[in-house]
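Everything below concerns the one structure shown next.
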There are 2 protein chains.
Amino acid sequence: MAGARKASKTGAANATTADLVAVLVAVTDGEPKIMTIANASALPSGPFEFAHRSLQTGLRAWVEAQTGHPLGYVEQLYTFADRGRAGDAKSPHSISISYLGLTREDKVGQGFEAHWSGWYEYFPWEDHRAGLPAALAKTLASRLRAWSKSADTASLQRERWQRVAITFGLDEREWNEELVLQRYELLYEAGLLPEAVRDGASAAVVIPGRPMSGDHRRILATGIARLRAKIKYRPVVFELMPAEFTLLQLQRTVEALAGRLVHKQNFRRLIEQQQLVEETGAIAADTVGRPAKLFRFRHGVLAERAVVGTKLPLSRT
Amino acid sequence: MAGARKASKTGAANATTADLVAVLVAVTDGEPKIMTIANASALPSGPFEFAHRSLQTGLRAWVEAQTGHPLGYVEQLYTFADRGRAGDAKSPHSISISYLGLTREDKVGQGFEAHWSGWYEYFPWEDHRAGLPAALAKTLASRLRAWSKSADTASLQRERWQRVAITFGLDEREWNEELVLQRYELLYEAGLLPEAVRDGASAAVVIPGRPMSGDHRRILATGIARLRAKIKYRPVVFELMPAEFTLLQLQRTVEALAGRLVHKQNFRRLIEQQQLVEETGAIAADTVGRPAKLFRFRHGVLAERAVVGTKLPLSRT
DNA sequence: TGGCTTATACTTATCCTGAGCATAACCGAT
DNA sequence: ATCGGTTATGCTCAGGATAAGTATAAGCCA
């Protein structure tokens, strides 16, 4: 290794600061929420310090200090450097290491300026459960078309529109709920977000959706995308559920995260055939309609199976 | 945000150094290779510096400086802090940000101490294409069983063995090629790797497989795992292929990465039905047996489709 | 009791996957 | 020219998974 570093002008001059940022998610009454601070304009975060034994313990310390909420399930999201965007070429590099955490919502304790905010406040265009509100759909499409048209050459214009159509599911294309980050970045590039204007884009019209400080809305987009992808192949939804739940509650949680509706009967079949849950024997109270059986997550599956599916035609011989 | 930091004891004392590490992969003649330096004992790496405009440009600069090889396709892998393992509680935190890169192998230029090493040298137990060599299989199983038995209580022993059986596909379980990192970590925990002994494990017997300095073998495991997962749902294999190739060459590359054999006819069907490739019209020369058609990657797919499949029973209404 | 709501069971057509058989096209040795 | 070896390529077939919808059950309330 020593040899590997020869070309480096090493020294304290290259020190950086590393920030830990948390996207902490819960779902309550069919609405996905994220833990926010600073008047709902930022995610819980803080610098990685000496005292922290690891990145995760550092993150846990910050989240607890800022929100009073202990972290349960956590996974790393992405790491990025903040310069270029901030524009200050002389400041030391700053790195953000982001994490996704899953819990159940509970009261925010006294003395904390934290609270739970609905994530669709920040990404109204991501909620397709009831179809996109006509007004928003119209605004989006027209602004994006205008942006496409503002390219210099005809071929660039076509290129831009194709990208728009794919990421937003326009022109007969399917909506793909996982492209959260791509949509955010496209909107940023098109100058349609307050963050873009803040960072120096020519002040165009801006689109509905609450901004956040720094790169936090981008980090949130990364977290939503990861979660939407992950619920499809790992049983992580259950981190967001109470100990006992009905299949409809489970379905509503999934729909809240995915931003789309699922087919009820087929959803049940999927859950049951994978043996992810077991009946508790109890029946849900306080419901309209026929009462539903209560289920609990079969924690055994975590031990029994490692992953689900392959997409390669493996050979058995 | 300012308010969010109140609890912090800020100051230069919390500076860290960030290292960029590359897992640069190529496949030649059906063998996966990685770019190594320092006598094949380390991955290309170097500190993130002032001069670097972004993490990726920093990485590219280091890899080119150390190996002469330009980076093509790159994606971020994982970020981790090095302390605890290194044990030095007083040194400033050091963070490693790792990346996966894909290319085609070519000559390493004069004056570079870099070269391409087969990745199965570091992970002999990961190559299941010809079935695991009987000797290695026997060694592994017996050492792991011994480790399981060395737990204190009977229930802990069972727990350990269940973990072993799942990650290594023992006791009638299926081998899962994606669990590269889990297997590495289990072997580390069991004290069966030179790295574990180096880091202070009681010096037990050690298992075949070349170690690397620092956390580099762990990073490599992360890279292999990511790549094995990714080839199943994104057309990244083509980054490793020449411009024109036969379907068998493509298959051999996939098999090399996955460490398993695939069913030939079904593999072709899969590739063709997804319309990932198109015929060039040419025919492969210099072959035994019936000559094969040459294909090229249809770059169009990247634009046409964003992702492949969902696992949710989406509703159409 | 009828109407509303949600739960749950089944059916049907289609598509995807794993596995294998059969044939085609080339080479080299006899 | 033919046979055997080798790889390429086409095709079939059964079983399982999926998408979509129909039908029935079991509560509540007016």
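Chain naming here is simple, since letters A, B, ... match the order of the sequence lines and numbering starts at 1 in each. Keep in mind that the numbers below use all heavy atoms, side chains included, and drop hydrogens, waters and symmetry copies.
- The separation between Ile283(B) atom CD1 and dT7(D) atom P is 17 Å, rounded to whole Å.
- Contact annotation for Leu247(B): no contact, since no heavy-atom pair falls under 4.0 Å across all strands.
- Close to dT8(C), at under 4.0 Å from its OP1 or OP2, lies no side-chain N or O of Lys264(A).
- Regarding Gln249(A), its CD atom lies at a distance of 13 Å from the C1' atom of dA7(C), rounded to whole Å.
- In this structure, CG of Asn266(B) is placed 15 Å from P of dC11(D), rounded to the nearest angstrom.
- Taking atom NE2 of His263(B) as the reference point, atom C1' of dC16(C) lies 14 Å away to the nearest angstrom.
- Following rounding to the nearest Å, Leu270(B) (CG) and dG10(D) (P) show an atom-to-atom distance of 16 Å.
- You'll find that the side chain of Arg269(B) is closest to dT12(D), out of dT12(D), dT9(D), dA26(D).
- Among the protein residues, Lys293(A) comes within range of the sugar-phosphate backbone only, with heavy atoms under 4.0 Å from sugar or phosphate atoms but none that close to a base.
- With respect to the salt-bridge test (charged N to carboxylate O, under 4.0 angstrom), the residues Lys232(B) and Glu177(B) qualify.
- Taking the six-membered ring where tryptophan is involved, the planes of His69(A) and Trp116(A) are perpendicular, since the angle between them exceeds 60° and thus also 30°.
- Put simply, CD on Glu272(B) is 11 Å from C1' on dA8(D), counting in whole angstrom units.
- A donor N or O paired with an acceptor N or O is not found under 3.5 Å between the base of dT11(C) and the side-chain atoms of Gln265(A).
- When the P atom of dC16(C) is taken as reference, atom CZ of Phe267(B) falls 18 Å away, rounded to whole Å.
- An OP1 or OP2 oxygen of dT5(C) is reached within less than 4.0 angstrom by no side-chain nitrogen or oxygen of Arg290(A).
- Note that OH of Tyr233(A) is 11.0 Å distant from CD1 of Ile231(A), once rounded to the nearest 0.5 Å.
- Using cut-offs of 30° and 60° on the angle between ring planes, the pair Phe123(A) and Tyr184(A) is perpendicular.
- If you take CD1 of Ile271(B) and P of dA8(D), they are 14 Å apart, rounded to a whole angstrom.
- Under the 4.0 Å criterion applied to side-chain N and carboxylate O atoms, Arg296(A) and Glu278(A) are assigned as salt-bridge partners.
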